[in-house]
Amino acid sequence: MNARMGLRELKKERTRETIAETAIRLFLAKGFDQVSVTEVAATAEVSRRTLFTYFPTKEDLVLQRFADHESEAARIVRARPAGQDPLEALRDALLAALEQRDPNTGLNDTPETRAFFQLILDTESLAARLTRYASRGIDALAEALREAGADPLTARLTAAQVLAVQQELTFMNHACLMDGSSADDRYREAVGAAERAFDLLRRGAAAGW
């Protein structure tokens, strides 16, 4: 039974990945508004019903990459070494992601990654939908910060600021790459911006801990 369940879950995950990859490929080639859900389903060789089982809205086909990471900041706070400040843990994780050229930092100059971010910026419905994912990420991070000892107001405001800062840094990095910089050229400045941002966040949050 467990083996069958494992295979079933694996098949579901593969189907989900196939649908998402197909959708993004079509959106990048033709534009988000020019591709219908029906076309995505047909190209991925699934039914519309199956597609909507995995992705309730057309926007989710693109933004699932962010949804998959919406609780990452909370996980980082909970997994930090004993005695480490939560903001320090989040900063260190961001610096490590920049070094690894993680696409979620915007510091990845592969053509697909640059096109993916530009698709979001150029599509109003995607940019608006992104705020919903950010809101859930704030909820998760605020809870983790409360567990770490912050009072409820400080936890909520800090979580909102951290995720807003991280998103802004991501799009700043992306903008530089779109202007012609390589990820390697941008790296040192991206690190400096991240460190300065977390210094400012730490000063603002210190009084509430």
Side-chain angles (χ1 to χ4, degrees), residues 2-3 5-6 9-10 12-13 16-17 20 60 63-110 113 116-117 120 129-177 183-209:
N2 289 339
M5 286 298 293
E9 292 304 315
L10 180 60
K12 287 182 178 179
E13 183 59 27
R16 181 175 183 270
E17 291 177 0
D60 290 328
L63 298 177
Q64 53 86 24
R65 293 186 179 184
F66 291 95
D68 290 344
H69 290 84
E70 67 184 22
S71 62
E72 183 174 1
R75 179 191 60 76
I76 290 168
V77 169
R78 292 190 174 105
R80 74 192 191 283
Q84 185 181 36
D85 178 81
L87 290 180
E88 182 180 352
L90 290 165
R91 183 204 62 189
D92 289 350
L94 176 55
L95 294 178
L98 289 170
E99 184 176 8
Q100 295 162 10
R101 305 300 191 265
D102 188 322
N104 287 295
T105 67
L107 195 68
N108 184 301
D109 48 14
T110 62
T113 298
F116 175 76
F117 277 106
I120 295 172
R129 183 78 175 185
L130 187 58
T131 61
R132 184 176 301 181
Y133 291 105
S135 179
R136 293 204 293 261
I138 291 169
D139 290 342
L141 179 55
E143 182 177 351
L145 292 174
R146 288 196 301 272
E147 294 169 3
D151 65 80
L153 179 60
T154 299
R156 183 72 189 181
L157 295 180
T158 300
Q161 291 169 3
V162 166
L163 295 187
V165 163
Q166 289 186 337
Q167 180 175 300
E168 187 61 27
L169 290 172
T170 293
F171 286 118
M172 286 171 59
N173 290 334
H174 168 73
C176 288
L177 299 192
D184 289 342
D185 290 340
R186 170 65 182 170
Y187 174 68
R188 187 177 298 276
E189 189 173 353
V191 167
E195 290 179 334
R196 183 180 178 191
F198 272 89
D199 283 343
L200 293 171
L201 287 169
R202 188 178 296 104
R203 294 175 198 171
W209 294 92

* **Flag if over 12 foreign heavy atoms under 6.0 Å of CZ, R78** => yes

* Asked: Which pair of heavy atoms, one from A93 and one from I76, lies closest together, and at what distance?
  -> CB-CD1, 3.5 Å

* Decide side chain to side chain contact (heavy atoms under 4.5 Å, CB included) for R132 and L63; before the verdict, give the C-alpha distance in whole Å, the side-chain angles of both, and the deciding distance to 0.1 Å. => CA-CA 10 Å; R132 184 176 301 181; L63 298 177; over 6 Å; no

* **Distance in Å, N173 CG paired with E168 CD, rounded so as to fall on 0.5 Å steps** => 10.0 Å

* Rounded distance (nearest 0.5 Å) linking atom CD of Q166 with atom CZ of F198 -> 4.5 Å

* Over all heavy atoms of both residues, which pair between A148 and P86 is shortest? Give the atoms and the distance, please. => CB-CG, 3.9 Å

* Chi angles and distances behind the side chain to side chain contact (heavy atoms under 4.5 Å, CB included) call for T113, L177 -> CA-CA 10 Å; T113 298; L177 299 192; over 6 Å; no

* Asked: Does a donor on one side chain and an acceptor on the other come within less than 3.5 Å for D102 and T105?
  -> no

* Asked: Would T170 and N104 count as a side chain to side chain contact (heavy atoms under 4.5 Å, CB included) if you check the C-alpha gap in whole Å, the side-chain angles of each, and the deciding distance to 0.1 Å?
  -> CA-CA 7 Å; T170 293; N104 287 295; 5.9 Å; no

* Asked: How about R186 and M172: do any of their side-chain heavy atoms sit closer than 4.5 Å?
  -> yes

* What pair of heavy atoms forms the shortest contact from A159 to A142, and how long is it? -> CB-N, 3.6 Å

* Has the side chain of S135 got a donor or acceptor atom that lies under 3.5 Å from a matching backbone atom of T131? -> no

* Should we count CD of E88 as having more than 12 external heavy atoms under 6.0 Å? -> yes

* To do: Decide side-chain hydrogen bond (donor to acceptor under 3.5 Å, both in side chains) for D92 and Q84; before the verdict, give the C-alpha distance in whole Å, the side-chain angles of both, and the deciding distance to 0.1 Å.
  => CA-CA 11 Å; D92 289 350; Q84 185 181 36; 3.1 Å; yes

* Structure fact -> CD (Q64) and NE2 (H69) are apart, to the nearest 0.5 Å, by 10.0 Å

* **Minimum-distance pair of heavy atoms, taken over all atoms of A194 and L94** => CB-CD2, 3.7 Å

* Work out which heavy atom in N108 is nearest to a heavy atom in P103; give both atom names and the distance. => ND2-CG, 3.7 Å

* To do: Assign the ring pair H174 / F117 to parallel, tilted or perpendicular, where the plane angle (0 to 90°) is split at 30° and 60°.
  => tilted

* Within the distance-only criterion (no hydrogens, no angle test), does the side chain of R80 pair as donor or acceptor with the backbone N or O of V77 below 3.5 angstrom? -> yes

* **Side chain proximity check, R91 to D85, heavy atoms < 4.5 angstrom** => no

* Under-4.0 Å salt bridge between R156 and D139 -> yes

* Picking from E72, E70, E143, what satisfies salt bridge (charged side-chain N to carboxylate O under 4.0 Å, His left out) with R136? -> E70

* Structure fact -> Distance col, row L200:CG vs L87:CG, nearest 0.5 angstrom, shows 11.5 Å

* Asked: Do the side chains of L145 and V162 get nearer than 4.5 Å, heavy atoms only?
  -> no

* Asked: Does R101 use its side chain to pair, donor to acceptor, with the backbone of E99 at less than 3.5 Å?
  -> yes

* Considering only heavy atoms from C-beta outward, does the side chain of L201 approach that of L90 to under 4.5 Å? -> no

* To do: Take L169 and L98, measure what side chain to side chain contact (heavy atoms under 4.5 Å, CB included) needs, and give me the verdict at the end.
  => CA-CA 11 Å; L169 290 172; L98 289 170; over 6 Å; no

